[in-house]
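Below: the structure, in structure tokens.
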Amino acid sequence: MRGNIISYLDMCKREGVSLQRGMNFNANNQYSVILMSVRKNSPYRDEIKENGAVLIYEGHDVPKGKGIDPKVIDQEGEVSSGRLTENGKFHLAAQEYKKNEQTPRIVQVYEKIKQGIWSDNGLFKLVDSWMEFDEIRNVYKFKLRVMEEGTHSHENNTELVQVERSRIIPTQVKLEVWKRDGGKCAVCGATDELHFDHIVPFSKGGTSLKAENIQLLCARHNLQKRDKIQ
């Protein structure tokens, strides 16, 4: 569920793969997975735009090697053998969608909030990609748009189920809420199975942009609340 707080090990267990890379194309033959971060000093320049409706995800660097600084080398779409890198796979999928050659690739997005704390940002559609000069080298950029009318059921990898229209909560708001609520459920103080919850639901006009409308709830109290305004 979008907004769930999840550990790295639980992410791997949920997806059924070891998420050792930030980009995981067709991770489990159902959809792709990316790990993002917009924290200060993050290694890549990921962005959240349009109140969480759009993500701009930066491609990944060449591997580190002896005497190699990946941050001054153009990001690669393929290696010398012609095999596509993860950048190349995502780029090809985005371009095929733009040419109306395939439906948009579905991407599950997890965001690193702080050390050991990840947020499930939900499912997005990969809708565009391009190369961009960052004043030092060329990097890949990928545009992803939130899925408005459905979300993936991890209990059944072949199913899409209808859910409330929502937007992801900005990272700074998540950090503010986490600090304010002490990393605990605002109702019972539980520290596991936490979720960033809209006090006034997004579907009823509640905002994702202010910490005053966001709270931490455990799974039990989040389920009890549903979309009721307390």
Side-chain angles (χ1 to χ4, degrees), residues 8 11 17-27 31-99 101-102 104-147 167-176 208-209:
Y8 172 76
M11 284 194 304
V17 294
S18 178
L19 300 171
Q20 296 183 355
R21 301 175 298 190
M23 303 176 72
N24 303 271
F25 187 80
N26 206 24
Y31 54 94
S32 299
V33 177
I34 63 172
L35 311 181
M36 66 169 291
S37 177
V38 295
R39 300 180 306 155
K40 185 178 180 180
N41 298 323
S42 294
Y44 299 101
R45 298 177 182 179
D46 301 333
E47 302 174 79
I48 298 175
K49 294 180 174 291
E50 297 182 26
N51 296 336
V54 169
L55 303 180
I56 304 298
Y57 187 78
E58 185 170 289
H60 283 200
D61 298 336
V62 300
K64 291 182 179 179
K66 186 176 180 180
I68 295 176
D69 179 1
K71 292 300 180 184
V72 300
I73 299 174
D74 289 349
Q75 292 182 348
E76 293 181 337
E78 61 180 50
V79 296
S80 57
S81 66
R83 177 178 58 84
L84 292 178
T85 64
E86 294 301 291
N87 291 330
K89 295 173 185 176
F90 276 85
H91 180 61
L92 178 61
Q95 296 305 307
E96 286 179 343
Y97 165 68
K98 289 184 67 178
K99 296 175 183 177
E101 294 178 358
Q102 69 169 23
R105 173 67 55 174
I106 305 304
V107 183
Q108 167 68 52
V109 178
Y110 294 104
E111 180 188 359
K112 190 171 187 178
I113 304 302
K114 56 191 306 184
Q115 192 64 36
I117 301 173
W118 294 78
S119 175
D120 180 350
N121 281 353
L123 289 178
F124 287 72
K125 296 180 291 186
L126 176 62
V127 297
D128 200 0
S129 64
W130 62 92
M131 292 291 288
E132 183 174 298
F133 185 66
D134 70 356
E135 299 180 355
I136 298 176
R137 43 70 181 274
N138 292 307
V139 298
Y140 280 93
K141 293 287 185 175
F142 301 95
K143 181 178 181 179
L144 301 104
R145 183 169 292 279
V146 71
M147 291 186 67
R167 291 284 191 276
I168 62 173
I169 301 164
T171 306
Q172 190 54 45
V173 172
K174 291 176 181 174
L175 288 170
E176 185 177 345
S208 299
L209 305 181

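Keep in mind that the numbers below use all heavy atoms, side chains included, and drop hydrogens, waters and symmetry copies.
The closest donor-acceptor contact from the side chain of Asn87 to the backbone of His60 lies under 3.5 Å. Of the possible polar contacts, none joining the Tyr31 side chain to the Phe124 backbone as a donor-acceptor pair under 3.5 Å is found. Although no hydrogens or angles enter the test, the distance criterion places no donor-acceptor pair under 3.5 Å between the side chain of Ser129 and the main chain of Lys141. Counting only distance, with no hydrogens or angles, the side chain of Asp74 and the backbone of Asn138 share a donor-acceptor pair below 3.5 Å. Although no hydrogens or angles enter the test, the distance criterion places a donor-acceptor pair under 3.5 Å between the side chain of Asp46 and the main chain of Ser37.
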> side chain to side chain contact (heavy atoms under 4.5 Å, CB included) between Val38 and Gln172: does it pass, once the steps are laid out?
Replying inline: CA-CA 9 Å; Val38 295; Gln172 190 54 45; over 6 Å; no
> Can Val17 and Asn24 be said to form a side chain to side chain contact (heavy atoms under 4.5 Å, CB included), step by step?
Replying inline: CA-CA 9 Å; Val17 294; Asn24 303 271; 5.7 Å; no
>> Using the rule given for salt bridge (charged side-chain N to carboxylate O under 4.0 Å, His left out), can you reason through Glu78 versus Arg83, listing the C-alpha separation, both sets of side-chain angles and the distance that settles it, and then say yes or no?
In response: CA-CA 5 Å; Glu78 61 180 50; Arg83 177 178 58 84; over 6 Å; no
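No cation-pi contact links Lys49 to Tyr57, judged by a cut-off of 6.0 Å to the six-membered ring centre and 45° from its axis.
Between Glu47 and Val54, the closest side-chain pair of non-hydrogen atoms is not below 4.5 Å. Within the 4.5 Å cutoff, no side-chain heavy atoms of Glu132 are placed close to those of Glu58. The shortest side-chain heavy-atom distance between Met36 and Asn121 falls under the 4.5 Å cut-off. Using a 4.5 Å cut-off on side-chain heavy atoms (C-beta onward), Trp130 and Lys143 make contact. Within the 4.5 Å cutoff, side-chain heavy atoms of Leu92 are placed close to those of Leu84. Between Tyr110 and Asp120 there is a side-chain heavy-atom pair separated by less than 4.5 Å. Using a 4.5 Å heavy-atom threshold, the side chains of Leu126 and Pro104 count as separate. The side-chain heavy atoms of Val139 and Arg45, taken from C-beta on, include no pair separated by under 4.5 Å.
Nearest heavy atoms, Leu209 versus Pro170: CD2-CG, 3.7 Å. Residues Pro70 and Lys64 come closest through the heavy atom pair CG-CG, 3.6 Å. Pairing each heavy atom of Ser32 with each of Phe90, the nearest pair is CB-CZ, 3.8 Å. The heavy-atom pair separating Arg39 from Ile113 by the smallest distance is CD-O, 3.0 Å. Minimum interatomic distance between Tyr140 and His91 (heavy atoms only, all atoms of both residues): CE2-CG, 3.8 Å. Between Leu35 and Arg21, the closest heavy-atom pair is CD1-O, 3.7 Å.
In this structure, the separation between OG on Ser119 and NZ on Lys114 is 13.5 Å, given to the nearest 0.5 Å. Lys125 NZ to Leu55 CG: the interatomic distance, rounded to the nearest 0.5 Å, is 13.0 Å. The line from CD1 of Ile56 to CD of Glu50 is 8.5 Å long, rounded to the nearest 0.5 Å. Distance check, rounded to the nearest 0.5 Å: CD1 of Ile48 to CD of Glu111 gives 4.5 Å.
Heavy-atom neighbours of Lys71 NZ from other residues, nucleotides or ligands within 6.0 Å: above the threshold of 12.
Salt bridge annotation for Glu96-Lys99: absent, with no cationic side-chain nitrogen under 4.0 angstrom from a carboxylate oxygen.
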